[in-house]
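Reading through the structure tokens given below for one structure.
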Amino acid sequence: MEELSILIGGKAGDGIRQAGQTLARLLNRMGYRIFFYDDYPSLIRGGHNFSIIRASKKKILAHKEKVDLIVALNQDAVEKHRHRLNSGGVILYDSKKVEAQGVGIDFMGLVKELEGAPIMRNTAALGALAKVLNIDWPLLERVITDTIEKEVDLNLKIAHSAYNQVEKTCFSVPNLSQKMLPLVSGNEAIALGAVQAGLNMYIAYPMTPASAILHYLAEHEDDLGVVTIHPESEIGVALMALGAAYAGAKAMVGTSGGGFALMTEALSLSGQGEFPIVFVVSQRPGPSTGVPTYTMQGDLSFVIHSGHGEFAKLVLAPGDAEEAFYLTGLAMNLAWKFQIPCFVLSDKHLSESIFSFDADPDKVKPEDPLLWDGKGEYKRYLDTLNGISPLAFPGNPAAVVKATSYEHDEYGITTEESEQIARMQKKRLRKKKTMEDELARYEQVKVYGDPESKTVLLCWGSTKGACIEVAEELGLKVVQPLVLEPLPITPLREVLSDADKIIDVEVNATGQLAKHLSGHGICIDDMILRFDARPFTVDVLLEKVKEVLS
Amino acid sequence: MTTVKELGTYAQNTWCPGCGNFSILNSIRKVLVDLEEEGLDLNKLVLASGIGCHAKIVDYIKVNSFYSIHGRVPPPITGIKLANPDLTVIGHAGDGDAYGEGIEHLIFSAKRNIDVTFIVHNNQVYGLTTGQFTPTSPAGFKGRSTPGGSPEEPLNPIDLMLSAGATFVARGFSGKPKHLQFLMKAAVKHQGFAFIDVLQPCFTFYNTYDFYNKRVYDLTDEAHDASDRKAALVRACEWSYGEGERIPIGIFYQVRRSTYDEKLLAGRIPIYLKPGNIKSVLEKHT
Ligand SMILES: Cc1ncc(C[n+]2csc(CCOP(=O)(O)OP(=O)(O)O)c2C)c(N)n1
Ligand code: SF4
Ligand SMILES: [Mg+2]
């Protein structure tokens with residue numbers, strides 16, 4: 001079996017995500033590469049939730065519209081998703097609750113009989129599913145034991161009973177002899193990348209789809225050596241982080257568009273006062289509250305142009321968990337190297353999807369910022385050739401460290417003198433050039449698919465996964481800038497120079513990357529945009545690209 | 001040892017002659033010198049301020065400082081204290097700053113009991129933006145945005161801070177610098193959120209010297225028990241920033257409660273934390 005896609009659906013409160021994750025873990029341990037997509041509305045009980053677990057022999061970064069198996073815990077899961085079944089596909093369903101054709105097992109009856117809680121229907125479904133997939137019971141037993149925190153024995157009994165009730169297997173999913181990789185969500189990768197680059201404090205106010213960064217770091221505070229804080233508001237969050245940075249702590253904040261709107265005041269303060277800080281902005285559909293638990297790439301223009309006044313910032317856009325890890329580490333290191341705000345721009349689709357994670361942790365290390373050598377009198381805003389002033393922190397016995405939101409002289413004392421003002425503006429903006437020189441050492445633009453192809457799918461962030469598979473299928477080239485501000489114009493021109501047709505693929509309504517590039521003289525020939533709050537799946541995008549090419 | 005003079009900077013002072021801020025500046029310098037003699041390391045001191053006339057104070061004192069933005073003094077000083085709890089942190093704010101633009105931060109600072117000192121230069125007016133009414137201006141205040149008189153009742157910050165859980169609540173008057181210095185010293189020494197509302201006449205837009213001079217009295221002269229929260233509330237309501245006969249100054253309330261930094265950090269000092277081993281954490285992801 002090359003690959004397999006399974007949809008598990010039910011209502012909120014049925015433990016859909018948990019069942020999906022346990023299944024992902026099971027297939028992961030059998031050597032498959034996983035992409036896990038979670039679809040849920042913004043409510044706690046009711047509604048319709050589903051997860052799609054796609055497992056493949058090769059690395060995958062996206063899911064497909066079509067699936068091989070539907071596990072239905074309610075009728076909606078059948079009605080809403082029946083059309084997704086591939087030919088030869090199977091529905092496994094709770095036979096007393098759901099009408100369908102396929103493999104029906106009385107999950108509810110079985111749970112009741114064993115005196116389990118109703119939520120344990122998800123365990124029963126897993127047990128039956130393992131048998132349908134012809135997976136040996138001990139493998140599932142192990143995964144359940146390692147995953148479920150409460151009432152392991154009861155869950156095992158339920159799963160085993162369901163496993164035994166399935167009379168015939170429908171698929172054959174063999175063990176693969178590939179090394180097993182950790183399963184990591186985009187948000188977890190962001191958290192781990194920051195930790196690896198020396199994060200000391202993570203400060204955030206809950207907002208989907210960024211909340212899981214806070215939850216994950218708070219849960220693992222001691223293991224990871226960080227302090228997490230949940231303050232009164234995003235305004236408080238961002239300013240606390242600047243205070244922490246001033247005192248010498250590496251701080252990161254995380255939110256979605258609405259929360260970031262409240263942080264823009266602090267963003268400009270970080271520009272003026274030269275406070276290093278990392279902002280994680282995980283996009284969801286707007287404007288305003290929008291669609292809280294779904295995805296969109298609608299805040300690119302906002303983030304690039306955010307903040308009043310003119311100052312340098314760096315915007316990095318990872319497209320999978322590995323990039324999320326590396327680029328967050330890079331954002332942290334460069335924020336401190338250049339004393340600027342750096343952004344990690346994610347979205348729901350990257351943040352909350354789960355990937356087989358093959359990053360090398362040792363490739364990210366905390367880098368020392370430029371520290372004051374202790375000679376002479378300390379000037380926080382020393383005017384230097386590259387614009388970077390050496391750092392000292394309060395507590396240093398020889399330095400008086402004066403940081404400020406006002407325009408200031410080298411010591412950090414307020415100024416309104418014209419020469420002084422122009423000089424300091426130039427000093428700060430000089431850091432942009434210094435940063436561009438440094439960025440040239442990194443891979444700023446990625447290319448996938450057929451590098452010789454003259455048809456290019458241009459994308460950024462989480463859209464890359466679907467684009468890569470479509471390009472591989474059709475023999476096209478994919479271009480994905482990782483750095484979106486300052487735009488890596490030279491490498492972009494290079495990889496786009498011999499393109500006949502550039503098709504821009506984005507999950508927003510106006511083609512924000514295309515607009516950004518056109519401002520730098522790069523013109524797009526076609527756009528494929530999706531803005532119904534859902535990500536591109538491989539098969540849907542494939543059809544769209546074929547339409548454009550025909 | 002540092003002298004008061006050595007604490008000055010080359011920045012040109014731009015307060016109006018007669019401004020109540022001068023007395024606050026002189027008092028804090030004096031207090032810092034005294035505290036240094038008592039063992040405080042001034043290198044481990046950070047002053048912060050918001051935006052307004054009051055905020056210029058950080059330019060006039062040669063110590064570490066964080067000149068923040070309007071209303072946003074509490075969050076950065078909280079961040080500074082949490083990042084390095086060895087630092088002593090004092091925030092200066094305006095009344096527009098603290099009670100208007102950034103009131104949520106102030107309430108949370110008190111609620112959490114973060115171990116910092118917070119001094120409000122309360123001139124009951126927006127000084128720097130040339131004379132509009134603030135949250136503590138009396139009802140009917142005729143400012144440039146309310147030529148017909150403010151339609152709002154003033155807020156009572158002493159009452160507010162007591163309700164919010166501040167563990168040190170005081171009021172001073174810039175016209176009584178010795179008393180103010182006593183309050184400042186006690187506030188810095190207090191472990192927990194120490195709040196002082198300083199009545200500070202704005203010579204140019206709201207000259208209240210006479211009004212305050214006639215009415216203020218010292219709580220210590222009337223055997224006020226600062227550990228008694230009920231008594232503190234009664235005193236707090238004796239004057240609500242409008243009309244009134246008697247205005248108490250002094251420490252309304254002081255109590256020791258474990259601080260936010262103590263509880264949140266539990267001995268950790270973030271600036272010295274080393275990254276944990278992510279490889280062992282990743283192992284749990286298989
Ligand atoms: C976000 C923001 N809004 C408005 C202003 C303009 N502004 C500067 S100072 C000030 C009021 C200052 O009043 P207060 O805090 O009482 O300080 P004072 O000047 O009286 O010391 C205002 C509204 C600003 N700097 N920032
Ligand atoms: S305007 Fe008022 S507060 Fe501001 S400096 Fe002048 S007197 Fe002082
Ligand atoms: Mg004022």
Side-chain angles (χ1 to χ4, degrees), chain A residues 25 28-29 180-184 188 192 195-201 203 220 222-227 229 231-233 235-249 251 265-266 269 273 357 361 366 393-406 411-414, chain B residues 9-11 14 41-46 48 51 55-56 58-59 62-84 86-87 89 102 104-105 107-108 111-112 264-265 268-286:
Chain A
R25 224 172 162 186
N28 183 58
R29 288 187 182 186
M180 182 170 57
L181 296 173
L183 287 174
V184 174
E188 289 164 351
L192 293 170
V195 167
Q196 202 67 349
L199 177 74
N200 300 126
M201 293 166 88
I203 312 177
H220 298 286
D222 294 335
D223 290 341
L224 296 176
V226 290
V227 168
I229 309 171
E232 64 274 24
S233 67
I235 297 176
V237 164
L239 281 138
M240 257 188 211
L242 298 187
Y246 165 76
E265 184 192 42
L269 173 52
F357 182 74
F393 305 112
N396 185 315
V400 172
V401 187
K402 290 186 104 60
T404 174
S405 70
Y406 264 102
Y411 288 96
I413 299 274
T414 307
Chain B
T9 66
Y10 57 83
T14 55
D41 179 354
L42 289 185
N43 291 306
K44 291 187 179 169
L45 175 87
V46 179
I51 294 295
K56 299 175 181 176
V58 294
D59 271 353
K62 197 174 171 185
V63 292
N64 300 312
S65 61
F66 188 112
Y67 203 148
S68 186
I69 47 180
H70 190 44
R72 319 290 180 219
V73 177
I77 62 178
T78 302
I80 291 166
K81 184 71 188 178
L82 291 175
N84 183 0
D86 286 344
L87 298 173
V89 189
E104 79 267 33
H105 311 304
I107 292 172
F108 271 82
K111 169 187 185 284
R112 294 181 186 124
L264 187 117
L265 296 175
R268 296 173 297 175
I269 299 182
I271 58 165
Y272 300 131
L273 284 175
K274 291 275 165 280
N277 181 356
I278 74 161
K279 287 179 193 163
S280 67
V281 173
L282 276 171
E283 274 167 23
K284 297 179 196 154
H285 284 255
T286 51

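Chain letters run A, B, ... following the sequence lines, proteins first, then strands; residues in each count from 1.
For chain A, the nearby part of B:L264 is the side chain; its heavy atoms alone come within less than 4.5 Å. Residue B:I107 does not touch chain A at all, counting heavy-atom pairs closer than 4.5 Å. Interface remark: B:I51 contributes side-chain atoms only to the contact with chain A (heavy atom separation under 4.5 Å). In this structure, the portions of A:L183 lying under 4.5 Å from any heavy atom of chain B include both its backbone and its side chain. Looking at B:L273, both its backbone and its side chain come within 4.5 Å of chain A, counting heavy atoms on both sides. Of the atoms belonging to A:V226, it is backbone heavy atoms, and not side-chain ones, that fall under 4.5 Å from chain B. Both the backbone and the side chain of B:K284 come within less than 4.5 Å of a heavy atom of chain A. The part of A:A399 that comes within reach of chain B is its backbone (N, CA, C, O), which places non-hydrogen atoms under 4.5 angstrom from that chain. Both the backbone and the side chain of A:D223 come within contact range of chain B, judged by heavy atoms closer than 4.5 Å. Neither the backbone nor the side chain of A:L199 has a heavy atom closer than 4.5 Å to any heavy atom of chain B. Looking at B:Y272, there are no atoms closer than 4.5 Å to chain A (heavy atoms on both sides), in backbone or side chain. Heavy atoms closer than 4.5 Å to chain B are found in the side chain of A:F357, but not in its backbone. If you measure heavy-atom distances from B:K279 to chain A, the contacts under 4.5 Å come from the side chain alone.
Heavy-atom minimum distance, A:P394 versus B:V46: CB-CG2, 3.6 Å. Residues A:G395 and B:N64 share a closest heavy-atom pair of N-ND2, 4.0 Å.
Contact count against chain A (heavy-atom pairs under 4.5 Å) is highest for B:Y67 among B:Y10, B:F108, B:Y67. Chosen from A:A249, A:A403, A:G248, the residue pairing most often with chain B at heavy-atom distances under 4.5 Å is A:A403. Interface summary for chain B: among A:N28, A:L192, A:V237, A:I203, the most heavy-atom pairs under 4.5 angstrom belong to A:L192. Taking chain A as the reference chain and counting heavy-atom pairs below 4.5 Å, the highest number among B:P270, B:A55, B:A11 is found for B:P270. The candidate with the highest count of non-hydrogen atom pairs below 4.5 Å against chain B, out of A:L242, A:I235, A:L181, A:D222, is A:I235. In terms of heavy-atom pairs under 4.5 angstrom with chain A, the leader among B:K62, B:R268, B:E104 is B:R268. When each of B:P75, B:S280, B:G276 is checked for heavy-atom pairs under 4.5 Å with chain A, B:P75 comes out on top.
Between the A:R25 side chain and the B:T286 main chain, a donor and an acceptor come within less than 3.5 Å of each other. No donor-acceptor distance shorter than 3.5 angstrom exists from the side chain of A:K402 to the backbone of B:F66, with no hydrogens or angles considered. In this structure, B:D59 contributes its side chain and A:I413 its backbone to no donor-acceptor pair below 3.5 Å. Listed for the B:K56 side chain is no donor-acceptor partner under 3.5 Å among the backbone atoms of A:T414.
With a 4.5 Å cut-off on side-chain heavy atoms, B:K274 and A:P366 do not count as touching. In this structure the side chain of B:I278 reaches within 4.5 angstrom of the side chain of A:L224, judged on heavy atoms. B:H105 places none of its side-chain heavy atoms less than 4.5 Å from the side chain of A:P231. Residues A:F393 and B:N84 fail the side-chain proximity criterion, which asks for heavy atoms closer than 4.5 Å.
Within the model, atoms CE of A:M201 and CG of B:L82 stand 5.0 Å from one another, a figure rounded to the nearest 0.5 Å. Between the CD atom in A:E188 and the NE2 atom in B:H285 there is a gap of 4.5 Å [rounded to 0.5 Å].
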For this session: For side-chain contact (heavy atoms from CB on, under 4.5 Å), just list the numbers for A:L239 and B:I69, CA-CA rounded to whole Å, side-chain angles, deciding distance to a tenth of an Å, and then say yes or no.
Result: CA-CA 9 Å; A:L239 281 138; B:I69 47 180; 4.1 Å; yes
For this session: Walk me through it: do A:E265 and B:R72 pass the test salt bridge (Lys or Arg N to Asp or Glu O under 4.0 Å)?
Result: CA-CA 10 Å; A:E265 184 192 42; B:R72 319 290 180 219; 2.8 Å; yes
